[in-house]
> 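Sharing a structure here in structure tokens format.
One-based numbering, in listed order, for ligands and for the atoms of each. Source: prediction; values computed, not measured. Only heavy atoms go into these numbers, but all of them, side chains included; no hydrogens, no water, no symmetry mates.
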Amino acid sequence: MHFPFEIFSPEEQIQNPRFLKNGISIFMKRDDKIHPFISGNKWRKLKHQLEHAKSQNITNLVTFGGAWSNHLLATAAAAAQFGFNAIAYVRGEEIRNPVLDMCRLYGMELIFVDRESYKNKHDLFLLNHNSENDYFIDEGGKSELGLLGCSEIINELKNEYDHIFVASGTGTTVAGIQLGIQQKKLKTTVNSIPVLKGADHLLDEFSNWEIDTQKIKMHLDYHCSGYAKTTPELISFIQQFIESTGIMIEPTYTGKLMYAVFDLLEKDYFKPNSKILVIHTGGLTGLLGHLDKFNR
Ligand SMILES: *Cc1c(COP(=O)(O)O)cnc(C)c1O
């Protein structure tokens with residue numbers, strides 16, 4: 001089954017004096033342009049799962065996330081567009097914010113659960129749903145089908161790169177990109193910027209899915225003390241990046257990613273004339289939770 005959804009995600013060179021050094025060129029794959037809310041990697045991770053659900057005539061999507069989850073909003077929007085019902089278990093006490101309000105606007109039912117019960121998502125699913133009518137989609141869209149969707153980024157590329165960089169939460173996107181690189185036998189080094197603290201073993205479980213995780217270069221020092229945490233330096237970098245490129249990024253994922261690439265460039269990590277691709281994974285609604293930190 002093919003969704004009537006043609007994606008637009010160009011590869012654009014970043015023309016910014018701060019990113020010009022030693023003949024190095026930096027391109028950005030604009031997955032943020034796929035859709036305002038089914039954004040970036042979340043569409044790639046959902047695509048084959050929704051096709052699978054449709055093929056089994058399952059109409060209810062059941063998924064999981066935190067209160068600012070880009071995945072919840074993407075699932076809510078995709079469910080509305082492609083004729084599914086969506087139910088989400090939201091971690092923590094009941095609150096309101098713009099992301100959850102938009103999820104509701106798309107018709108998603110939200111069920112708030114305490115952090116302890118949230119930990120066992122499969123139990124929540126098995127106790128409250130049945131697999132004939134309800135389709136389980138893990139937090140962040142993590143799954144083998146999601147990984148497959150992310151590997152397709154590589155088929156779309158028009159240039160060959162020395163490095164590809166992506167921000168990582170669950171690691172599904174970076175593992176999928178590595179799979180795509182392996183399948184096409186490219187020499188590109190895949191780089192992950194984990195946005196969580198202590199992500200040393202983030203990719204271990206993906207090695208069961210025939211991903212050569214050893215080949216992925218992890219840069220573990222750009223989480224800024226943890227998930228959704230920021231530093232004044234990060235905030236001011238993001239501000240400068242946005243106003244000098246016209247490309248919107250946010251502090252939770254793409255801001256940390258671009259900050260890392262810029263820092264590595266400053267530290268002469270890259271060989272002269274390297275060609276680098278960064279993946280803009282979207283998720284710009286995350287900015288709404290951080291706007292008070294920007295002082296312009
Ligand atoms: C969810 C998300 C990620 C993390 O993707 P994983 O596949 O979980 O590693 C990166 N960037 C953005 C903008 C996201 O919303």
> Show, in sequence, the C-alpha distance, side-chain angles and deciding distance for Trp68 and Tyr253, and conclude whether the ring-ring contact (aromatic ring centres under 6.0 Å, His included) test is met.
CA-CA 12 Å; Trp68 286 94; Tyr253 295 103; over 10 Å; no
> Side chain or backbone of Asn70 under 4.0 Å from ligand 1, or both, or neither, by non-hydrogen atoms?
side chain
> Is the His52-Tyr135 ring centre distance short of 6.0 angstrom?
yes
> Just to be sure I'm reading this right: ignoring hydrogens, which of His280, His71, Glu139, Lys42 gets closest to atom 1 (C) of ligand 1? Compare them by their nearest heavy atoms.
Lys42
> Would you mind listing which atoms of ligand 1 come within a distance below 4.0 Å of any non-hydrogen atom of Gly171?
6 (P), 8 (O), 9 (O)
> Just wondering, are more than 12 heavy atoms of other shown residues or ligands nearer than 6.0 Å to CE in Met248?
no
> Taking the non-hydrogen atoms of Gly140, is any one of them nearer than 4.0 angstrom to ligand 1?
no
> Which of parallel (below 30°), tilted (30 to 60°) and perpendicular (above 60°) describes Phe64 and Tyr89?
parallel
> Counting only nitrogen or oxygen atoms and a 3.5 angstrom limit, does Ser168 reach ligand 1?
no
> Yes or no: does Thr254 have any heavy atom under 4.0 Å from an atom of ligand 1?
no
> Can you see whether Phe37 has Lys42 sitting over its ring - NZ or CZ less than 6.0 Å from the centre and within 45° of the normal?
no
> Show which atoms of ligand 1 fall inside a sub-4.0 Å distance from at least one heavy-atom site of Gly282.
13 (C)
> Run the contact test for Ala167 against ligand 1 with a 4.0 Å cut-off on heavy atoms, strictly below, and give the result.
yes
> Quick check on the hydrophobic clustering: are Phe165 and Val174 connected, directly or via other members, by side-chain heavy-atom contacts under 4.5 Å?
no
> Quick one: do Glu152 and Arg44 make a salt bridge, cutoff under 4.0 Å?
no
> With a cutoff of 4.0 Å, is Lys142 in contact with ligand 1, counting heavy atoms of the residue only?
no
> If the cut-off is 4.0 Å to any non-hydrogen atom of Thr170, which atoms of ligand 1 fall inside it?
6 (P), 7 (O), 8 (O), 9 (O)
> Within the structure, does Tyr253 bring an N/O atom to less than 3.5 angstrom of an N/O atom in ligand 1?
no
> Salt-bridge test for Glu116 and Lys119: reply yes if a basic N is under 4.0 Å from a carboxylate O, no otherwise.
yes
